[in-house]
Amino acid sequence: MFVFSEAAESRIEKILAKYPFKKSAMLPLLTLAQEQEGYVTPEAMIEIGKRLGASPAYVESVCTFYTMYFTKPVGKYVIKFCINISCHLNGCDNLMDYTTNKLGIQVGETTADKKFTILREECLAACSEAPVMQVNNKYYVALTPEKVDQVLAALK
Amino acid sequence: MTQILFKGIDTPNLTSIDVYEKQGGYAALAKAFAKEPDEIVEMVKASGLRGRGGAGFPCGLKWSFLAKDVFPRYLCCNSDESEPGTCKDRELLMKTPHLCIEGMILCAYACRIETAYNYIRGEFEEYGEIMDRAIAEAYERGYLGKNIMGSGFNLEMYTHMGAGAYICGEESALLTSLEGGRGEPRMKPPFPAVEGLYAKPTIVNNTETLCVIPFIVNNGPEAYAAIGTEKSKGTKLVSVSGHVNKPGNYEIVLGTPISEIIDKFAGGIRNGNKLKAFIPGGSSVPMLPADKVDTPYDYESLVAAGSMLGSGALIVMDDTTNVVAEVLRITSFYMHESCGKCTPCREGTRWMHQILLEIQNKVGKPEQLDLLTDICDNMSFKCFCPLGDAAIAPVLSSIKYFRADYEELLASAKAPVA
Ligand SMILES: Cc1cc2nc3c(=O)[nH]c(=O)nc-3n(C[C@H](O)[C@H](O)[C@H](O)COP(=O)(O)O)c2cc1C
Ligand code: SF4
Ligand code: FES
């Protein structure tokens with residue numbers, strides 16, 4: 001069973017009011033479900049489908065199209081390194097190696113304490129401040145190994 | 001230095017409506033409401049403004065293509081910014097959200113639109129929140145909502161966050177995504193102006209394009225048309241990245257030589273190295289060699305030089321670069337972002353990636369260069385949407401100008417085991 005929290009319910013009301021057709025609330029609701037559970041569970045897809053008049057299969061097909069949705073558990077902090085051209089020209093590979101070594105995991109893996117997941121990301125549209133990473137959708141730019149150390153140390 | 005979009009952009013707290021108004025913000029609304037909507041469309045046409053999202057389509061002309069007398073109509077501001085190298089809309093959203101809102105209001109008034117969405121890429125969550133706060137302020141001031149400033153014009157405005165998919169920047173995929181579907185492109189025609197969001201007439205414009213509109217309404221189309229070249233009017237935000245000393249977003253007058261953008265604005269090539277190659281308009285356009293660096297940065301000159309202005313992302317590579325490694329990155333991107341709807345793109349990007357990876361890993365074969373060219377030929381103009389053609393641009397242009405980089409890797413390839 002998946003139940004949206006009370007806080008989520010009041011946001012859902014506002015979200016639905018934005019659109020003439022409720023199916024448009026698909027991405028916002030998937031985002032809310034993920035915020036609540038850490039990833040989008042099959043039960044959440046069923047619930048969202050019920051609300052928006054879509055089959056669970058339809059919701060799943062939408063959910064899996066977009067890279068920001070996880071369908072499996074991830075760490076508390078998801079670190080996404082941009083590996084596209086501008087970041088590559090500015091040494092993102094070394095930085096990612098540095099971080100995977102530091103945390104003792106490979107890209108795509110989660111640390112044993114479930115704190116960190118490291119992912120590769122395509123261009124994050126901050127190219128002139130390369131290399132760039134995001135931690136849970138917060139931007140960190142002009143990275144150096146020292147800066148990565150600082151950012152990770154501040155995450156509790 | 002002519003600045004239209006970046007004028008005062010670093011003023012502290014420009015995201016607050018008070019500061020924005022002190023700089024003359026929202027002054028264009030009263031001027032617009034004193035005119036008929038069609039007059040605003042004519043002004044934008046006369047300004048020569050072309051779309052800044054990538055295709056460079058004349059903005060006023062697009063507005064005049066809206067299906068006549070069909071309502072409701074919609075406006076979607078395209079803030080999906082995800083073309084590699086491009087980071088200008090991010091700076092606009094982050095620093096001057098009210099400029100974008102003002103531009104959207106003017107567009108909506110001109111096009112008789114009463115509902116506007118700003119489709120913002122999901123990774124821009126922080127900037128979506130900035131935009132939400134700015135929209136709330138604009139409602140409070142009476143710039144949004146019912147009967148705006150007594151004009152009788154109504155407009156509701158919302159943000160809509162994406163969730164990570166480059167293809168959703170393509171306008172028809174954006175609309176499908178906003179309707180709650182997988183972001184797959186639609187057949188065109190019908191174009192969005194005729195049948196767009198919820199099958200209603202819809203304007204899709206890039207963030208930067210819409211941010212220009214207040215200037216045109218405030219200063220008149222002639223003032224805008226006086227800037228730039230004969231056919232490329234106005235200024236353009238150029239995102240300079242790669243091997244330069246001062247990467248950044250710079251507002252340049254169209255027609256400025258690329259050498260000047262690199263040397264004067266971006267502080268020259270890093271470490272005193274030499275320029276090897278540059279991509280003038282984002283990953284989807286052909287790369288060019290150093291000897292084309294004096295090309296003026298405008299739509300026509302870049303086409304004449306064999307590339308395109310695209311989204312305005314200038315990616316600079318110095319002479320330490322092996323171009324193949326960068327083409328591999330870009331191709332890996334297109335493989336990842338291909339929506340999978342049509343075969344030439346879905347399979348072609350994958351195949352090209354496989355070959356490039358082999359060449360890069362020094363297990364390639366010389367005949368693979370012809371194979372790459374052949375795959376490109378089989379994708380060219382045969383894909384459902386422009387992503388397929390975008391994917392071949394870096395491959396073909398790199399083989400054309402930097403064949404030596406490929407040959408170096410192929411020559412050092414280990415001899416195949418017989
Ligand atoms: C694969 C692909 C990705 C695109 N991405 C974007 C984008 O991120 N932002 C954008 O404004 N336009 C993008 N476009 C262009 C849009 O389809 C559309 O032409 C543009 O938003 C129209 O606005 P404009 O006329 O103001 O430029 C993309 C096009 C394609 C084919
Ligand atoms: S060209 Fe690529 S992105 Fe475009 S519809 Fe075909 S598969 Fe999808
Ligand atoms: S290439 Fe890394 S942010 Fe654009």
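Computed from a prediction, not measured in an experiment: that's the story for all the values here. Each chain gets a letter, A, B and so on, in the order the sequences are listed, and its residues count up from 1.
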Exercise. For the atom pair NZ (A/Lys18) and CD (B/Glu156), what is the distance rounded to the nearest 0.5 Å?
Worked result: 12.5 Å

For this session: Select one option (side chain, backbone, both, neither) describing which atoms of B/Leu328 are under 4.5 Å from chain A's heavy atoms.
Result: neither

Exercise. What is the minimum heavy-atom distance between A/Cys123 and B/Glu83, and which atoms define it?
Worked result: SG-O, 4.2 Å

Problem set entry | Proximity of B/Tyr117 and A/Tyr19 rings by center, below 6.0 Å | yes

For this session: Just say parallel, tilted or perpendicular for the rings of B/Phe124 and A/Tyr139, cut-offs at 30° and 60°.
Result: tilted

For this session: Measure B/Val316 against the heavy atoms of chain A and call it side chain, backbone, both or neither at under 4.5 Å.
Result: backbone

Exercise. Mind checking whether A/Met26 and B/Leu178 have side chains closer than 4.5 Å, heavy atoms only?
Worked result: no

Exercise. A/Leu27 versus chain B, heavy atoms under 4.5 Å apart: side chain, backbone, both or neither?
Worked result: side chain

Exercise. Which bit of B/Leu197 comes within less than 4.5 Å of chain A, counting heavy atoms only: side chain, backbone, both or neither?
Worked result: neither

For this session: Under 4.5 Å heavy-atom distance to chain B, tell me which part of A/Asp93 shows up: side chain, backbone, both or neither.
Result: side chain

Exercise. Would you say A/Ser86's side chain and B/Gly242's backbone share a donor-acceptor pair under 3.5 angstrom?
Worked result: no

Exercise. Based on non-hydrogen pairs under 4.5 Å, which of B/Ala325, B/Gly162, B/Gly164 is most in contact with chain A?
Worked result: B/Gly164

Exercise. Do you know which of B/Gly85, B/Ala165, B/Ala266 has the most heavy-atom pairs under 4.5 Å to chain A?
Worked result: B/Gly85

Problem set entry | Top of B/Arg121, B/Glu184, B/Lys88 for chain A proximity - count of heavy-atom pairs under 4.5 angstrom | B/Arg121

Exercise. Among A/Val62, A/Leu29, A/Leu89, which residue forms the greatest number of heavy-atom pairs with chain B at distances under 4.5 Å?
Worked result: A/Leu89

For this session: Please flag which part of B/Ser239 lies under 4.5 Å from any non-hydrogen atom of chain A: side chain, backbone, both or neither.
Result: neither

Seminar exercise, completed: Ranking A/His88, A/Lys80, A/Lys22 by heavy-atom pairs under 4.5 Å to chain B gives rank one to A/His88

Exercise. Relative to chain B, which segment of A/Ala126 carries a heavy atom at a distance below 4.5 Å: side chain, backbone, both, or neither?
Worked result: both

Problem set entry | B/Tyr250 versus chain A, the contacting section by heavy-atom distance below 4.5 Å | neither

Exercise. Side chain, backbone, both or neither: which part of B/Thr176 has an atom under 4.5 Å from a heavy atom of chain A?
Worked result: neither

For this session: Under 4.5 Å heavy-atom distance to chain B, tell me which part of A/Thr31 shows up: side chain, backbone, both or neither.
Result: neither

Seminar exercise, completed: Of the listed B/Gly183, B/Pro247, B/Cys168, B/Gly248, the one with the largest count of heavy-atom pairs under 4.5 Å with chain A is B/Gly183

For this session: Identify which part of B/Thr321 has an atom lying under 4.5 Å from any heavy atom of chain A, answering side chain, backbone, both or neither.
Result: side chain

For this session: Could you tell me whether a side-chain N or O of A/Lys138 sits under 3.5 Å from a main-chain N or O of B/Glu125, the two making a donor and an acceptor?
Result: no

Problem set entry | Toward chain B, the part of A/Ala17 with a non-hydrogen atom under 4.5 Å | backbone

Exercise. Counting N and O atoms only, with roles assigned by atom type, does the side chain of A/Glu122 sit under 3.5 Å from a partner on the main chain of B/Glu337, one being a donor and the other an acceptor?
Worked result: no

Seminar exercise, completed: Here the pair of heavy atoms bringing A/Ser24 nearest to B/His160 is O-CE1, 3.4 Å

Exercise. Relative to chain A, which of B/Gly181, B/Pro72, B/Ser283, B/Ser82 shows the most heavy atom pairs under 4.5 Å?
Worked result: B/Gly181

